[in-house]
Amino acid sequence: MKKIDQKTAVNVNNLSGVSETQVWQRAALSTSQPDWLAEEVAVALVYNGISHVVMMATPKDLEAFAIGFSLSEGIIDSPRDIFGIDVVPSCHGIEVQIELSSRRFMGLKARRRAMAGRTGCGICGVEQLDEIGKPVPPLPFTQSFDLGWLDTALQQLNDYQPVGKLTGCTHAAAWIASDGQITGGYEDVGRHVALDKLLGYRSQQPWHDGAVLVSSRASYEMVQKSVMCGVEILFAVSAATQLAVEVAQRSNLTLVGFSKPGRATVYTHPQRLSSK
């Protein structure tokens with residue numbers, strides 16, 4: 001997680017997840033100029049020596065990603081179920097080797113999922129259709145948020161996208177405290193991965209009051225991941241899908257789309273929200 005100082009330029013030499021290239025602009029096709037690309041690599045999550053899933057991701061903050069994915073997929077209940085994480089480059093990408101407790105690993109093997117290459121739809125690789133709507137305990141109603149603070153958070157979101165500032169190619173997920181201040185955020189070329197990174201980091205912080213803000217649309221899986229990690233309020237910059245709204249309603253999640261300055265569309269459970 002790296003916040004950009006608005007008063008200084010991004011130090012590319014110290015920034016992971018970007019590569020330099022040469023490009024040609026429409027107005028000057030005869031001359032190339034340098035530009036930056038967000039890196040996208042295959043990241044395999046390997047539990048106790050067995051590869052579980054391969055995701056395309058920005059190759060940074062992978063420990064947080066491993067914890068967040070494990071929590072949001074129900075593989076673990078707590079970061080304490082993970083005994084160790086090693087990030088190991090391989091010939092075709094990166095392996096994140098995760099050592100699970102014996103109890104959690106046995107549970108993982110009992111519900112194996114063939115999810116290699118899942119990058120977008122959230123159900124790719126699920127072996128049984130009834131797994132799509134896997135039940136989760138409904139959320140309590142312990143949180144509240146004043147929408148007057150949403151604009152404050154939106155103004156800060158780009159500060160947590162150093163790769164995105166250079167490339168225009170990443171999504172962000174951030175935690176908003178109840179006063180509108182962002183206390184942490186992550187970016188990735190994949191919106192699900194950015195959210196997993198945030199959820200992994202949040203699980204190790206004393207953050208309770210607040211909400212998640214994502215720079216993308218709210219798909220079914222974004223809602224499911226948030227609910228699995230106890231998030232009660234999810235703000236998305238873009239729209240929500242019909243299935244996302246259904247899952248949010250059933251799970252007691254307050255789901256808000258089109259979160260932009262001066263605007264917000266509340267899809268479910270508005271009782272957690274107020275407005276100045």
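- Closest of all the heavy-atom pairs between A174 and L157 is CB-CD1, 3.8 Å.
- The closest side-chain donor-acceptor pair between E39 and S19 falls under 3.5 angstrom.
- Residues passing the ring pair (Phe, Tyr, Trp, His ring centres under 6.0 Å) test with H269, sequence neighbours excluded: F141.
- The shortest side-chain heavy-atom distance between S219 and H192 falls under the 4.5 Å cut-off.
- With hydrogens and angles disregarded, no donor-acceptor distance shorter than 3.5 Å links the side chain of S226 to the backbone of V231.
- Note that R202 lies outside the cation-pi zone of W207, set by a 6.0 Å cut-off to the ring centre and a 45° limit from the axis.
- Pairs passing the salt bridge (charged side-chain N to carboxylate O under 4.0 Å, His left out) check and including a residue from residues 169-189, sequence neighbours excluded, read K60-E187, D188-K197.
- Remark: D209 engages Q143 in a side-chain hydrogen bond (donor to acceptor under 3.5 Å, both in side chains) (not counting sequence neighbours).
- Within the structure, salt bridge (charged side-chain N to carboxylate O under 4.0 Å, His left out) pairs that include any residue of residues 258-275 comprise E232-R272 (at least two apart or interchain).
- M222 contributes atom CE, which lies 3.5 Å from atom OG of S216 (distance to the nearest 0.5 angstrom).
- Two residues are said to be in side-chain contact when any heavy atoms from C-beta on lie closer than 4.5 Å; V189 and H171 fail this criterion.
- Evaluation of the side-chain contact (heavy atoms from CB on, under 4.5 Å) rule for S144 yields no partner, not counting sequence neighbours.
- V46 belongs to no hydrophobic cluster with other residues, because no ILVMFWY side-chain heavy atom falls under 4.5 Å from its own, directly or through intermediates.
- W149 places none of its side-chain heavy atoms less than 4.5 Å from the side chain of S178.
- Counting only residues at least two apart or on different chains, the ring pair (Phe, Tyr, Trp, His ring centres under 6.0 Å) pairs with a member in residues 221-249 are F145-F235.
- The closest donor-acceptor contact from the side chain of E246 to the backbone of Q242 lies at 3.5 Å or more, if one exists at all.
- The aromatic ring centres of Y186 and Y201 sit less than 6.0 Å apart.
- F83 and V87 fall into different hydrophobic clusters, where Ile, Leu, Val, Met, Phe, Trp and Tyr side chains are chained together by heavy-atom contacts under 4.5 Å.
- The closest side-chain heavy-atom distance from L273 to V266 is below 4.5 Å.
- By the side-chain contact (heavy atoms from CB on, under 4.5 Å) test, A218 pairs with A236, A240, L255, sequence neighbours left out.
- Taking every heavy atom of both residues into account, A57 and V43 meet most closely at CB-CG2, 4.0 Å.
- A donor-acceptor contact shorter than 3.5 Å links the side chain of N48 to the backbone of L100.
- With sequence neighbours left out, the salt bridge (charged side-chain N to carboxylate O under 4.0 Å, His left out) criterion links R104 to D77, D81.
- Looking at heavy atoms from C-beta onward, V212 lies in side-chain contact with L198 at the 4.5 angstrom threshold.
- Rounded to the nearest 0.5 Å, atoms OG (S72) and CZ (F65) are 8.5 Å apart.
- Proximity of H208 to T142: side-chain heavy atoms (C-beta onward) are separated by under 4.5 Å at one or more points.
- Not one N or O on the side chain of S251 forms a donor-acceptor pair closer than 3.5 Å with the backbone of A248.
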Stepwise side-chain contact (heavy atoms from CB on, under 4.5 Å) check, T241 with R217 = CA-CA 8 Å; T241 67; R217 65 185 174 94; 3.4 Å; yes
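- Interatomic distance, CG of L62 versus CD1 of I67, reported as 11.5 Å (0.5 Å rounding).
- At a cut-off of 3.5 Å, with distance as the only test, a side-chain donor of Q161 or T170 sits close to an acceptor on the other residue.
- In this structure, the side chain of D151 engages the main chain of G262 through a donor-acceptor pair within 3.5 Å.
- Annotation: side chain of C169 is not in contact with side chain of V163 (no heavy-atom distance under 4.5 Å).
- Other residues sharing a hydrophobic cluster with W24 under the 4.5 Å side-chain heavy-atom criterion for ILVMFWY residues are L29.
- For T21, the side-chain contact (heavy atoms from CB on, under 4.5 Å) test picks out V23, D35, L37, with sequence neighbours left out.
- Closest non-hydrogen pair, P59 versus V41, comes out as CB-CG2, 3.8 Å.
- Here the straight-line distance linking atom CG of L234 with atom OG1 of T268 works out to 9.0 Å at 0.5 Å rounding.
- The closest side-chain donor-acceptor pair between T254 and Y267, if any, does not fall under 3.5 angstrom.
- Rounded to the nearest 0.5 angstrom, I182 CD1 and Q155 CD are separated by 10.0 Å.
- Rounded to the nearest 0.5 Å, atoms OG (S78) and CG (L71) are 7.5 Å apart.
- Applying the salt bridge (charged side-chain N to carboxylate O under 4.0 Å, His left out) definition to pairs two or more places apart or across chains, none involves residues 24-33.
- In this structure, the side chains of V227 and L139 come closer than 4.5 Å at one or more pairs of heavy atoms.
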